[in-house]
Amino acid sequence: MTSIDPSTSTLDGPPSSPLSSPFSSTLFDRYRLGGGLTLPNRVVMAPMTRARAAAGGLATPSMATYYAQRATAGLIVSEGVQPSLIGQSNPGTPGLHTDEQAASWRPVTAAVHANGGRIFAQIMHGGRVSHPDTTGLVPVGPSAVPAAGEVFTPTGPQPAPTPRALETAEVPEHAQSYASAARRAVDAGFDGVELHGANGYLISQFLSSNANLRTDRYGGSAANRVRFAVDAVAATVDAVGAARTGIRLSPGGTFWGVEEREVPELYTVLLGELARLEPAYVHLEATADDEVLLALRRAWPGTLIMNPVLPLGPKRTGRSDADRWLGLGADLISFGRAFIANPDLVERLRGGLPVAPEDEAAYYQGGDAGYVTYGSYQHAG
């Protein structure tokens, strides 16, 4: 299992529990992840869709620049990368399901490593959050229930289509797709992978009580609804090793219209099953109240990455949020939007320097403006 790097602590002895450690951990302490990867600090760059991939889902030289600029993060988690064509959610997103795609990522990971960084690929199967105009295929999901709202397509937003419900015999193929993409990711130089089990995408759809209406072994009870997530993680652990496998979760989140009944029970069952597989980490979003999140911290014996604020909410994760969750038992803290306009975010946090605002209009517009054009604090303005 992962552990605190004892060389960074001023106190002796192991933590007494995930919530009451005698260590005085700070955001800038080193951390040993997965038993082998040493992170120079506890700042994680969260995965963020930037929609800059080339045709065919290929990574680009600009993506290499973007990630390398942010390599002082203790760990970078890439934007969501589709594990199959049918798993693609949005236009302009990269893939890891062909040899050409894997080859396109090698300059990206090499650039991050040349700048002293570490990077995991986030493997993201969109499930029902997709559109035939994007992939040429009818989306699939646990049940024939459409997502709420509109999805992005090459010609603009369109109503989410009704997905085709997966047959029971098909489900393992989609769980295995995460593992196949993970093998390509490691071959492309990534240090590991994070399965996107959050925000209303395929794993989250199986966890849901309104997107998943199945009556087979993948639906109904909490034990059945977590099965797809556990199978996907188990397949990935078999493919690339537990130390290279993480998962991101959004307990109680309602993205794309998903709902979850009995959130504490559901996620306690899930974390119990995942603990047997000993993945490198669980990455939680603050989509439930503190009582639930702290109970999940107690239920999870391994490394916890905490994302303290909602994605695209009104607030960015800041130093006070990070310090609070380190005090509550998180091991690592992920920052999302703050990294967009602040490639040197770690040093800004360390020095108490101003954090620049990002240009929201440039989030998904493509091109280099608002992508690789932000400078460090010393060169800003």
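Owing to the predicted nature of the structure, the values given are computational and were not obtained by experimental measurement.
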Visitor: Could you list the cluster mates of V138? Members are the ILVMFWY residues connected by side-chain heavy atoms closer than 4.5 Å, either directly or through other members.
Guide: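 The other cluster members (ILVMFWY side chains, heavy atoms under 4.5 Å, direct or chained): none.
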
Visitor: With a 3.5 Å distance limit and no angle check, can you tell me whether T135 reaches the backbone of L85 through a side-chain donor-acceptor pair?
Guide: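 Answer holds: no.
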
Visitor: Locate the shortest heavy-atom distance separating A299 from P301; write the atom from each residue and the value.
Guide: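 That closest heavy-atom pairing would be O-CD, 3.5 Å.
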
Visitor: Keeping the roles fixed (side chain from N41, backbone from V43), state whether a donor-acceptor pair exists under 3.5 Å.
Guide: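 Checked: pair present.
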
Visitor: Do E285 and F255 touch side chain to side chain, with heavy atoms closer than 4.5 Å?
Guide: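 Of all side-chain heavy-atom pairs linking F255 with E285, at least one is under 4.5 Å.
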
Visitor: Side-chain heavy atoms under 4.5 angstrom apart, residues restricted to Ile, Leu, Val, Met, Phe, Trp, Tyr: same cluster for V258 and L207?
Guide: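 No; tracing contacts between hydrophobic side chains, which count when under 4.5 Å, never links both residues.
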
Visitor: Whether the H196 and H125 side chains hold a donor-acceptor pair (N or O, under 3.5 Å, no angle test) is what I'd like checked.
Guide: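 Short answer, no.
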
Visitor: For residues L37 and V186: do they belong to one hydrophobic cluster (side chain heavy atoms under 4.5 Å, members Ile, Leu, Val, Met, Phe, Trp, Tyr)?
Guide: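 No, L37 does not connect to V186 through the hydrophobic network.
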
Visitor: Assess the side chains of Y374 and Q69: does a donor N or O sit below 3.5 Å from an acceptor N or O?
Guide: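 The criterion, which ignores hydrogens and geometry beyond distance, is not satisfied for Q69 and Y374.
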
Visitor: What pairs with W325 under ring-ring contact (aromatic ring centres under 6.0 Å, His included), at least two apart in sequence or on another chain?
Guide: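 Testing W325 for ring-ring contact (aromatic ring centres under 6.0 Å, His included), a comparison that skips the adjacent residues, returns none.
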
Visitor: Using the test side-chain contact (heavy atoms from CB on, under 4.5 Å), find all partners of D133 that sit at least two apart in sequence or belong to another chain.
Guide: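 In terms of side-chain contact (heavy atoms from CB on, under 4.5 Å), with neighbours along the sequence ignored, D133 is linked to H131, T153, P154, T155, Q158.
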
Visitor: Taking M306 as the starting point, is it possible to reach F28 by hopping between hydrophobic residues whose side chains are less than 4.5 Å apart?
Guide: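 Looking at the clustering, M306 is in the same group as F28.
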
Visitor: Fit a plane to each ring of F206 and F228, take the angle between them on a 0 to 90° scale, and name the class: parallel (under 30°), tilted (30 to 60°) or perpendicular (over 60°).
Guide: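 Judged by the thresholds at 30° and 60°, the geometry between F206 and F228 is parallel.
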
Visitor: Please output the side-chain donor-acceptor pairs of residues 87-97 that fall under 3.5 Å, not counting sequence neighbours, one pair per line with the distance.
Guide:
from: Q88; atom 1: NE2; to: N90; atom 2: O; distance (Å): 3.0
from: S89; atom 1: OG; to: V129; atom 2: O; distance (Å): 2.6
from: T93; atom 1: OG1; to: Q82; atom 2: OE1; distance (Å): 2.8
from: T93; atom 1: OG1; to: N90; atom 2: O; distance (Å): 2.9
from: H97; atom 1: NE2; to: Q101; atom 2: NE2; distance (Å): 3.4

Visitor: State whether the side chain of N342 and the backbone N or O of A338 hold a donor-acceptor pair below 3.5 Å, judged by distance alone.
Guide: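 Yes, the answer is positive, given that a donor and an acceptor are paired below the 3.5 Å cut-off.
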
Visitor: Inspect the contact between E170 and R164 and indicate whether a charged nitrogen and a carboxylate oxygen are less than 4.0 angstrom apart.
Guide: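 Salt bridge between R164 and E170, a charged N being under 4.0 Å from a carboxylate O: yes.
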
Visitor: Report yes if some heavy atom in the side chain of M48 is under 4.5 Å from a heavy atom in the side chain of E79; otherwise report no.
Guide: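 Not in contact.
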
Visitor: Do R106 and F190 touch side chain to side chain, with heavy atoms closer than 4.5 Å?
Guide: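 No, every pair of side-chain atoms sits at 4.5 Å or beyond.
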
Visitor: Would you check if R118 and T38 make a side-chain contact, meaning some heavy-atom pair closer than 4.5 Å?
Guide: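 Side chain of R118 against side chain of T38, heavy atoms only: no contact under 4.5 Å found.
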
Visitor: State whether the side chain of T268 and the backbone N or O of P264 hold a donor-acceptor pair below 3.5 Å, judged by distance alone.
Guide: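 Yes; judged by distance alone, with no hydrogens or angles, the pair exists.
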
Visitor: Counting distance only, does the side-chain N/O of N115 pair as donor-acceptor with the main-chain N or O of A110 below 3.5 Å?
Guide: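 Flag not set: sc N115 to bb A110 has no pair under 3.5 Å.
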
Visitor: Give the minimum heavy-atom separation between A59 and S104, together with the two atoms involved.
Guide: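 The pair with the smallest heavy-atom distance is N-OG, 2.9 Å.
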
Visitor: With distance as the sole criterion, is a donor-acceptor pair present between the side chains of Q365 and Y371 under 3.5 Å?
Guide: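 No pair is found: no donor N or O on one side chain lies under 3.5 Å from an acceptor on the other.
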
Visitor: So, does T254 use its side chain to make a donor-acceptor pair with the main chain of G257 at under 3.5 Å?
Guide: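 No; judged by distance alone, with no hydrogens or angles, the pair does not exist.
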
Visitor: Whether D344 and R70 form a salt bridge (side-chain N of Lys/Arg under 4.0 Å from carboxylate O of Asp/Glu) is what I want to check.
Guide: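 No, no charged N to carboxylate O under 4.0 Å.
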
Visitor: Using a 3.5 Å distance criterion without hydrogens, assess whether the side chain of S250 forms a donor-acceptor pair with backbone atoms of A198.
Guide: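 No; zero donor-acceptor contacts below 3.5 Å.
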
Visitor: What closest approach, in Å, do A121 and A185 show between heavy atoms, and which atom pair accounts for it?
Guide: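 Where A121 meets A185 most closely, the heavy atoms are CB-CB, 4.2 Å.
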
Visitor: Is there a donor-acceptor pair closer than 3.5 Å between any side-chain N or O of S177 and the backbone N or O of S84?
Guide: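 Here the side-chain-to-backbone pair does not exist.
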
Visitor: Set out, in order, the CA-CA distance, both residues' side-chain angles and the distance that settles salt bridge (charged side-chain N to carboxylate O under 4.0 Å, His left out) for R227 and D231, then state yes or no.
Guide: CA-CA 6 Å; R227 193 182 307 276; D231 287 353; 5.7 Å; no

Visitor: Tell me the side-chain hydrogen bond (donor to acceptor under 3.5 Å, both in side chains) pairs involving residues 49-59, sequence neighbours left out?
Guide: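 Checked against side-chain hydrogen bond (donor to acceptor under 3.5 Å, both in side chains) - neighbours excluded - the pairs reaching residues 49-59 are R50-Y66.
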
Visitor: Partners of A243 by side-chain contact (heavy atoms from CB on, under 4.5 Å), sequence neighbours excluded?
Guide: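 A243: no side-chain contact (heavy atoms from CB on, under 4.5 Å) contacts found.
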
Visitor: Between N212 and R225, is there a side-chain donor-acceptor contact under 3.5 Å, judged purely by atom types and distance?
Guide: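 Side chains of R225 and N212: no pair found under 3.5 Å.
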
Visitor: Keeping T303 on the side-chain end and Y281 on the backbone end, is there a donor-acceptor pair under 3.5 Å?
Guide: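 Side chain of T303 to backbone of Y281, a donor-acceptor pair under 3.5 Å: no, none is there.
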
Visitor: With a 4.0 Å cut-off on N to O distance, would you call D187 and R183 a salt bridge?
Guide: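 No.
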
Visitor: Is there a path of hydrophobic side-chain contacts, each under 4.5 Å between heavy atoms of I/L/V/M/F/W/Y residues, joining V240 to I247?
Guide: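 Shared cluster, no.
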
Visitor: Do V263 and L304 belong together in a cluster built from hydrophobic side chains that touch within less than 4.5 Å?
Guide: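 Same cluster.
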
